[in-house]
Each structure stands twice: as C-alpha cells, then as structure tokens.
Amino acid sequence: MNVLRSALYGMLPRSRRESRAEPGQAVLSTKTAAALLCAACSLPAGLELSEVPYYGLSPPVYPSPLGNGSTDARWASAYGRARDLVSRMTVEEKANVTRGWPGICVGNTGDVPRLGIPSLCFADGPAGLRGQEFVSAFPAGIHVAATFDRDLMLEYGRAIGREFRGRGVNVALGPVAGPLGRVARGGRNWEGLSNDPYLAGVGMGAITRGIQEAGVIATPKHWLLNEQEFRRRRTPLGEAISANVDDRTLHELYVFPFMDALREGAGAVMCSYQRANHSYACQNSKLLNGILKTELGFEGFVVSDWDAQMSGVASANAGLDLVMPNAGFWGAELVQAVRNGSVSEERLGDMAARILASWYYLHQENDYPPPAIYTNMQKHFPVDVQADHAKLIEEIGAAGTVLVKNINNTLPFKKPRFLCVYGYDATVKAGPWQNRDRYGGGYEDNFGWNTLNGTLITAGGSGGNSPPYVVSPFQALQERLSKDRGILRWDFYSENPTPYVNADACLVFINAYASESFDRTSLTDDFSDRLVLNVASWCANTIVVVHSAGIRTVDAWITHPNVTATLFAGLPGQESGHALAAVLYGDVNPSGRLPYTVARAEADYGALLNSSVSAARFPEANFTERLWIDYRAFDRDALAPRFEFGFGLSYTSFAYAGLAVSLLRRAPAAPAEFPDQSVPVVQGGHPALWEVVAVVRCTVTNTGAVEGAEVAQLYVGVPGAGEDSPVRQLRGFVKVGPLVPGQAREAVFELTRRDLSVWDVVAQQWRLRRGRYAVWVGASSRDLRLAGDFVIE
Ligand SMILES: *[C@@H]1O[C@H](CO)[C@@H](O)[C@H](O)[C@H]1NC(C)=O
Ligand SMILES: *[C@@H]1O[C@H](CO)[C@@H](O)[C@H](O)[C@H]1NC(C)=O
Ligand SMILES: *[C@@H]1O[C@H](CO)[C@@H](O)[C@H](O)[C@H]1NC(C)=O
Ligand SMILES: *[C@@H]1O[C@H](CO)[C@@H](O)[C@H](O)[C@H]1NC(C)=O
Ligand SMILES: *[C@@H]1O[C@H](CO)[C@@H](O)[C@H](O)[C@H]1NC(C)=O
Ligand SMILES: *[C@@H]1O[C@H](CO)[C@@H](O)[C@H](O)[C@H]1NC(C)=O
Ligand SMILES: *[C@@H]1O[C@H](CO)[C@@H](O)[C@H](O)[C@H]1NC(C)=O
Ligand SMILES: *[C@@H]1O[C@H](CO)[C@@H](O)[C@H](O)[C@H]1NC(C)=O
Ligand SMILES: *[C@@H]1O[C@H](CO)[C@@H](O)[C@H](O)[C@H]1NC(C)=O
C-alpha cells in the first residue's frame with residue numbers, strides 16, 4: 001500500500017512535495033463558446049471533445065462576478081479601501097498579489113512594497129499549525145464533529161485562530177467540508193466534520209467564526225466534490241477523477257456545509273484538485289463564478305489547492321483569484337493575457353481586490369504580526385502560542401469520545417487496582433520498527449504518518465499537525481493507577497499476550513489510520529481484530545478503545561461476551577490519554593456521538609465503500625446514489641447498522657417528553673415556497689434561507705443516577721420523504737446539560753428555511769414544499785423518542 005509514499009510526503013516541506021510539474025497540460029483560450037467549453041474541460045492536445053465521455057456537462061458561467069461588498073457594511077468598507085488600492089496598482093503589481101512565491105510559509109503571495117502591501121502568509125492546517133514548534137495539536141475535524149457541541153466547535157476555531165495569528169499567519173487553510181465523506185474508505189474524511197451536511201455545516205460556521213474572530217482569514221476547503229484520493233490529481237494515466245453530480249445533490253449535500261462558513265464571512269475558499277462534471281474544479285466556471293460567487297454571494301478570494309491550477313486564461317476567467325504555491329500559469333503570463341485581451345483588466349483588478357478586501361475585512365493592515373515560521377534546523381527564539389489550549393484540547397478530546405458498548409456498567413471504573421494494557425495504539429513508543437520510534441529531526445513536519453504503530457492522535461498529510469508532546473493512553477493510565485497504588489501490566493507488541501487472570505480489566509488499544517493521498521483499503525485489520533479476540537478469550541472484562549481516522553467496523557468482536565465496553569476515541573490530539581482517562585474514570589460522562597454509520601459488514605456500504613478505481617484516461621465517479629449516502633442509504637434500505645449515525649451511550653439515562661412544534665407565520669403570507677427574489681443575495685446565499693420558519697421544543701430529563709449531558713437530535717422528513725427524498729435528515733441538535741439526576745431542561749431547535757427546503761433544479765432556488773413535514777427528536781438517527789409533524793400550505 002501507499003504507506004511509504006505517505007511517509008515520504010510527511011517528510012518533505014510542502015513546497016517541495018506539492019510542486020511537481022504536471023505533464024501535458026494544454027491551455028485553450030479563445031473566447032468563443034466552444035472554446036470556453038473546451039477550456040472548462042481542459043482537453044489534452046489532440047483530443048476531440050466528442051471523445052470525452054460525460055454524465056453531466058458543467059455549464060459555462062461568464063463573466064466572473066465583481067466583488068463589491070454591496071450587501072454587507074463590513075465587506076463594503078473593506079472593498080472601498082481595496083478598490084482604492086487596486087486603482088493605484090500597475091498590471092504587474094496586481095498580477096503579483098494573485099500568485100504564490102517561494103517563502104517561509106506554506107504559501108506566500110507577492111508583495112507590493114511601493115503601496116505597503118505585504119506578502120500574505122498561508123499555513124496548514126485545519127487542526128492546528130502544522131510543522132511548527134510551540135504550537136498545539138488539536139483534535140481532527142471528525143472528532144470535533146463527534147462532540148455535537150456548538151460551543152466547543154466555536155472555542156476550537158478561536159483557539160486555532162489565536163495560534164495562527166500569534167505566529168503571523170494571515171490565512172489558515174481550513175476548515176474542511178470537502179471531502180464530506182461520501183466514500184466510507186475515503187482517505188481524508190477525518191479532516192472534515194462528518195458526512196452529514198447539517199452537522200458539518202454547524203461546525204464549518206462555528207470554526208470559521210472562531211478563526212476569523214482572531215483576525216485570521218479562514219479558508220473553507222476543498223471546493224468542491226473532492227470525495228476521494230484515488231486519482232484526485234492528474235497522473236501519467238490521464239486526467240483527474242471527474243465527480244459527476246446532479247444539481248440537487250450538489251446543493252443539498254456538498255454545497256450545504258460551505259454555506260454556513262460563507263455566512264460567517266469566510267474570506268477565502270480553496271478549490272480542489274479533481275474535476276467536476278469533467279471540468280477541473282479550479283477552472284470550473286459553474287462552481288466558481290456560478291454557485292460560489294453569484295448564488296452564494298462570495299466576497300472573498302478563491303485560492304487554488306497547491307498546484308491545482310490547470311490553465312492560465314481559463315482559470316482566471318472561470319473565477320480563480322490566487323494561484324499557489326508559485327506562479328503556475330500566471331505571473332508574467334497573466335500580465336501578457338491581460339495585455340492581449342484574453343483576460344480583462346477588470347477581472348485582474350477583481351482578483352486583486354478580492355484578496356485585498358479579505359485582508360481589510362479582517363483588519364490585517366493594522367499591526368498584524370510578521371510571520372514567525374521556522375523549521376527546527378533554524379536557531380530562533382521560540383514564539384509560544386500554546387496558551388492554555390491544552391485544557392480545551394482535553395475537553396474536546398473527552399467530549400468527542402463515543403461510548404458504544406458498556407455492559408452492566410463496566411464503565412466508569414470503580415478504582416481498579418490492576419489493569420492490563422495491550423496493543424500498539426496504547427503508547428507513543430511503539431517499538432522496534434525501522435527507526436520510527438522517535439519524534440523530531442524532521443519528522444515533526446507531520447506527526448500523523450508517524451503513528452502507524454503508535455497511538456493515533458491525528459492522521460496523515462496536510463491535515464495532520466505537530467504536537468508539542470503526546471500524552472498517550474498508557475501514560476495517563478499510569479498516572480491514575482499510581483495515585484491508587486495500583487499496578488499495570490502491558491504488552492504493546494504481541495498479537496496474543498500472556499494472560500493475567502486476576503486483572504480487574506484488560507484494555508486493548510487498536511487504531512485505523514488514513515492519510516491524504518490514498519484511500520483506505522479496509523475498514524478493519526486482522527492483526528487488531530485477532531488481538532482483541534485473543535485477549536477476550538481469557539479476560540472476562542475486556543475494554544476496547546479504537547482511535548480511528550473514520551469508520552472502523554467492529555463485528556469481528558463487538559458481540560463477544562467478554563468485550564464489556566468499547567469506545568470510539570477518534571483523533572483526539574495531544575491530550576489523548578488524559579481525555580480518555582477522564583471518560584474511563586467517570587470525571588467526564590460521555591456524550592460524544594458517532595458522526596457516521598458503523599455498518600455490520602463493509603459490504604453494507606455498497607458502492608460507497610470504495611472510491612472509484614479506474615485506469616481510464618478520463619476516470620469518472622458518477623454520484624448516482626444522489627442524496628442517499630451513509631445513514632440516508634441505511635434508512636432507505638431498512639438495513640440495520642452495528643452503530644447508527646448519532647449513536648453514543650452515557651453513564652446515565654435520559655427521558656424525552658412534551659414535543660411541541662410551532663410554525664412561525666411571517667407577514668404577509670409567509671412561508672411562501674420561494675424566498676423573495678427582490679432581496680439581494682448576501683455572502684452565504686439568500687438571506688431568507690437563514691430565517692427561522694419553525695421551532696421544535698421538548699423536555700429532556702436525566703433519569704439516571706449520575707450527572708450527564710445528552711445530545712438531543714432533530715430529524716426531519718420533508719414532503720416526499722421516502723420517495724424523492726431521504727426518509728429523515730438531521731436538521732438540529734442540542735447538547736442539553738449537564739443535568740444532575742432528576743433535572744429536566746427544555747431543548748429548543750430552530751428550523752430555518754434552508755433546513756426545510758429542497759433545491760429546485762428548474763427554478764434554481766431553494767424551495768419549501770407544500771405538505772406534511774415529519775419531525776422526530778431522539779438520541780440517535782434510529783433511537784427516535786418523539787414524533788410530530790407540521791404542514792406548510
Ligand atoms: C458515468 O455515467 C456516464 C453517462 O451515464 C457513463 O457513460 C459512464 O460510463 C459512467 N461512468 C462510470 C465510471 O460509471
Ligand atoms: C453537473 O451536471 C449535472 C447533470 O447535467 C448538472 O445538474 C449539474 O448542475 C452539473 N454541475 C456542475 C457543477 O457542473
Ligand atoms: C455587486 O455585485 C453583485 C454580484 O455580482 C451584483 O449583483 C450587484 O449588482 C453589485 N452591486 C453594485 C453596487 O455594483
Ligand atoms: C512581487 O513579489 C515578490 C515576492 O514578494 C517581490 O520580490 C517582487 O519585488 C514583487 N514584484 C513587484 C512588481 O512588486
Ligand atoms: C494571450 O496571452 C496568453 C498568456 O501568454 C496566451 O496564453 C494566449 O495564447 C494569448 N492569446 C492571444 C490571443 O494571443
Ligand atoms: C449483568 O448483570 C446481571 C446481574 O448481575 C447478570 O445477571 C447478567 O448476566 C449480566 N450481563 C452480562 C452480559 O454480563
Ligand atoms: C508495526 O510494527 C511491526 C513490527 O514491529 C511491523 O511488522 C508492522 O508492519 C508495523 N505495522 C504498520 C502498520 O506499520
Ligand atoms: C474495494 O476495493 C478493494 C481494493 O482496495 C477491492 O479488493 C474490493 O473488491 C472493492 N470492493 C468493492 C465492493 O468494490
Ligand atoms: C471469557 O473469559 C473467561 C475467563 O474469565 C473464559 O473462561 C471464557 O472462555 C471467555 N469467554 C469466551 C467466549 O471466550
């Protein structure tokens with residue numbers, strides 16, 4: 001498999017690893033309609049358009065909308081200043097700010113010293129500043145999603161933002177909603193915030209807000225449909241995979257979470273490597289000019305993924321504003337293209353204005369710290385930005401830990417005196433495999449890849465991070481046991497450890513790794529499954545902890561009577577062990593929920609198990625499943641999952657009662673089917689999409705014996721559900737509590753027009769359907785405790 005490649009990836013500085021020349025590009029640039037079509041297809045020389053198979057055509061949308069900030073006072077002020085600056089810039093200067101230059105950051109824009117415009121510093125990644133010292137390693141996106149906690153999502157964004165700002169990084173490359181997680185084995189699903197667009201959207205909005213509150217430009221990525229790693233880029237075999245998606249699915253699943261980030265004022269968006277409807281995403285005018293800049297009113301700039309630009313004139317006209325990490329097809333060529341009229345000076349001015357407007361929008365012209373970015377080879381004074389973020393990391397680590405099995409209150413521990421710890425995932429010192437038992441000396445660029453045989457706190461590629469230290473589960477258990485004068489026995493290597501019949505409990509730690517640049521080939525592995533079964537064959541109290549970069553199937557052992565408890569501990573970041581111990585010992589009552597469906601068998605994911613594997617010159621992934629991914633498909637097929645989306649146990653129990661649904665009636669006769677089209681679009685889409693149309697309430701009571709919080713979830717079936725729409729979809733969640741035993745609290749769910757609408761492909765608008773909306777509130781997507789409905793006439 002591609003482990004070696006991933007390891008090498010981790011060791012190279014990003015500028016080197018991502019700047020490979022792409023062979024055989026052809027750039028078509030005439031202005032006729034046919035040429036626009038070809039430009040959108042990026043045909044290699046000598047190939048006729050008719051030879052290109054297609055599922056959907058990506059319609060041309062030109063010209064590129066001019067950013068003007070006219071619908072938002074803060075953007076308007078930013079644009080006033082940006083336009084003024086641009087009016088004083090030469091063509092060369094404008095072209096300079098729209099390109100990357102080699103520099104100390106992962107990405108650096110050109111500067112214009114004459115006008116005081118600095119080079120902007122871009123850095124990875126979504127879970128903390130990667131490749132640096134004295135920075136924190138936060139939990140990965142999927143772990144944050146598992147908290148189902150809006151406040152923690154916001155705090156996460158704020159803390160990450162403060163670290164980037166403290167090191168003078170202008171632009172943070174995250175958060176991630178692409179991939180969404182369509183493919184169960186997708187290599188990067190863990191970077192994102194779950195395959196449910198509502199949950200992902202809440203996270204995208206909160207994290208974007210948090211990052212930008214710190215004055216850092218957030219970069220929601222990857223726009224759009226970057227759902228697999230296999231052939232995500234052009235290779236000697238041919239073009240990148242084309243994600244072919246119908247319009248309704250595109251909006252309701254893949255665009256949806258980005259809307260939340262844009263609504264929070266996201267200053268940048270990163271376009272992805274692969275093609276969409278046969279047109280490369282960074283030159284797809286429908287995605288950039290059309291959906292992003294017109295329909296969603298995006299005011300910021302579009303930056304290419306590193307070396308994702310596939311053409312010069314075509315990408316400029318399709319709406320790309322900034323190429324990274326070098327000049328790509330721009331630089332002097334863009335100046336030339338403006339001189340010969342292939343790209344208008346207005347477009348170039350808009351590209352520069354969008355970048356500068358984002359800079360002003362975040363007030364970065366005032367005293368922004370200069371980049372403090374180093375490699376450990378350099379002698380320097382450390383700029384420590386960790387603050388007290390370790391506390392938040394531990395809190396999120398515990399809040400995103402999902403308890404899925406707990407027979408007869410095995411957990412929380414009751415002061416055990418003798419614990420056995422097994423498995424490679426328990427410790428950072430994972431043994432005599434090559435020379436991997438170290439951290440530092442170049443390896444810190446990306447901790448993720450280094451954990452294949454050690455505890456998994458993050459996964460691989462640009463979404464990984466660089467922990468200052470790692471508290472392993474083993475370390476944290478030692479700390480606890482030593483306080484209780486207990487004892488530990490451990491074996492991190494054997495598949496069949498020596499039995500200790502008098503242990504209070506045996507903890508088995510296993511993991512499932514993934515990385516950017518390849519998709520997973522299995523959701524399980526035999527070594528880990530055999531290890532669990534071997535321990536369970538003699539240990540009547542076997543507790544399994546799974547750290548995983550996405551779905552991990554567990555049917556090889558989950559029903560074993562000696563497996564008494566199981567936790568999905570996600571990718572929790574640097575405080576991993578402390579977070580886990582807090583849950584095991586009951587300091588924290590678990591409230592994390594699965595942000596995906598864990599099937600009984602891998603085959604249950606059907607065609608969405610694997611990425612689309614093809615050796616074709618024009619490989620395709622037809623998203624023919626449309627809206628039915630993950631739990632939407634399991635619900636349609638009445639297929640029993642092992643653990644359903646939204647599932648997670650607590651040390652207490654909760655009762656739900658008193659469902660009340662009220663439809664808000666707004667003057668004159670709202671809700672009309674469509675939003676009022678006389679109202680202009682703002683960033684994030686039509687403002688009416690965010691109006692609350694209905695409110696659902698219920699009461700949640702702690703009926704158990706200990707304090708705890710409950711994640712109450714709201715699911716909606718739109719009129720037509722079960723026919724042309726999923727049976728039910730998550731459209732609200734509230735973390736209620738903590739509640740002491742006997743305490744009750746009201747949960748309130750606000751449903752916006754967008755939450756209740758479908759995308760009408762004919763009208764090209766979000767539309768409320770007339771008829772009955774079914775509403776459920778419960779503890780998971782299958783554990784529905786209350787049902788009701790309302791009617792829109
Ligand atoms: C995708 O759909 C198109 C049009 O229906 C078809 O020609 C093509 O073979 C499909 N590709 C794959 C990989 O299924
Ligand atoms: C892709 O093609 C489908 C089917 O023709 C169309 O509905 C959709 O809008 C297209 N999307 C893009 C981004 O081009
Ligand atoms: C601002 O840009 C939007 C989107 O391109 C456009 O609809 C609007 O008319 C523009 N407003 C002004 C004042 O130019
Ligand atoms: C463009 O930016 C580079 C890198 O910051 C700088 O060296 C160069 O002088 C700039 N060119 C112009 C025309 O401002
Ligand atoms: C204009 O310049 C660009 C960039 O050098 C080049 O790709 C394109 O072919 C030129 N177009 C014409 C019509 O000369
Ligand atoms: C749980 O405890 C009860 C009462 O002690 C016992 O009867 C039952 O067998 C236990 N269940 C399991 C699965 O161990
Ligand atoms: C883990 O280490 C063992 C030997 O210690 C080695 O054989 C195995 O390939 C390693 N596993 C992974 C996934 O790297
Ligand atoms: C999924 O891909 C694996 C290789 O990674 C292959 O062996 C398997 O047959 C594929 N399964 C399905 C259902 O396509
Ligand atoms: C469970 O553990 C006990 C030892 O306590 C052992 O005797 C028994 O065989 C185990 N059960 C299974 C199904 O392996």
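As a basis for the values below, the full set of heavy atoms in this structure was taken, side chains included, without hydrogen atoms, waters or symmetry mates. Counting starts at 1 for both ligands and their atoms, in listed order.
Taking every non-hydrogen atom of E620 and a distance limit under 4.0 Å, the qualifying atoms of ligand 1 come out as 1 (C), 8 (C), 10 (C), 11 (N), 13 (C). Numbered from 1 in the order shown, with element, the atoms of ligand 5 that lie under 4.0 Å from a heavy atom of E333 read 4 (C), 5 (O). Numbered from 1 in the order shown, with element, the atoms of ligand 5 that lie under 4.0 Å from a heavy atom of S342 read 1 (C), 10 (C), 11 (N). Close approach of ligand 5 to N340 (heavy-atom distance below 4.0 Å) involves ligand atoms 1 (C), 2 (O), 3 (C), 8 (C), 10 (C), 11 (N), 12 (C), 14 (O).
The cationic group of R626 does not satisfy the cation-pi geometry with W628, failing either the under 6.0 Å distance to the six-membered ring centre or the 45° limit from the ring axis.
Residue contacts with ligand 1: N622 is placed with a nitrogen or oxygen under 3.5 Å of a nitrogen or oxygen of the ligand (distance criterion only).
A distance below 6.0 Å separates the ring centres of F634 and Y605.
In this structure, C539 and C420 have their SG atoms no less than 2.5 Å from one another.
No donor-acceptor contact under 3.5 angstrom links the side chains of D519 and Q228, judged on distance only.
Panel note: side chain W538, backbone Y500; no donor-acceptor pair is recorded below 3.5 Å.
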Atom pairs and distances, ligand 9 N/O vs protein N/O under 3.5 Å:
| unit_1 | atom_1 | unit_2 | atom_2 | d |
| --- | --- | --- | --- | --- |
| ligand 9 | 2 (O) | N562 | ND2 | 2.3 |
| ligand 9 | 11 (N) | N562 | ND2 | 3.0 |
| ligand 9 | 14 (O) | H560 | NE2 | 3.4 |

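With sequence neighbours excluded, the residues that form a ring-ring contact (aromatic ring centres under 6.0 Å, His included) with W759 are H251, W766.
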Before giving the answer on side chain to side chain contact (heavy atoms under 4.5 Å, CB included), spell out for R642 and T553 the whole-Å C-alpha distance, their side-chain angles and the decisive distance to 0.1 Å. CA-CA 8 Å; R642 172 54 60 194; T553 50; over 6 Å; no
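The 12-atom threshold is exceeded at CD of E92, counting heavy atoms of other residues, nucleotides or ligands nearer than 6.0 Å.
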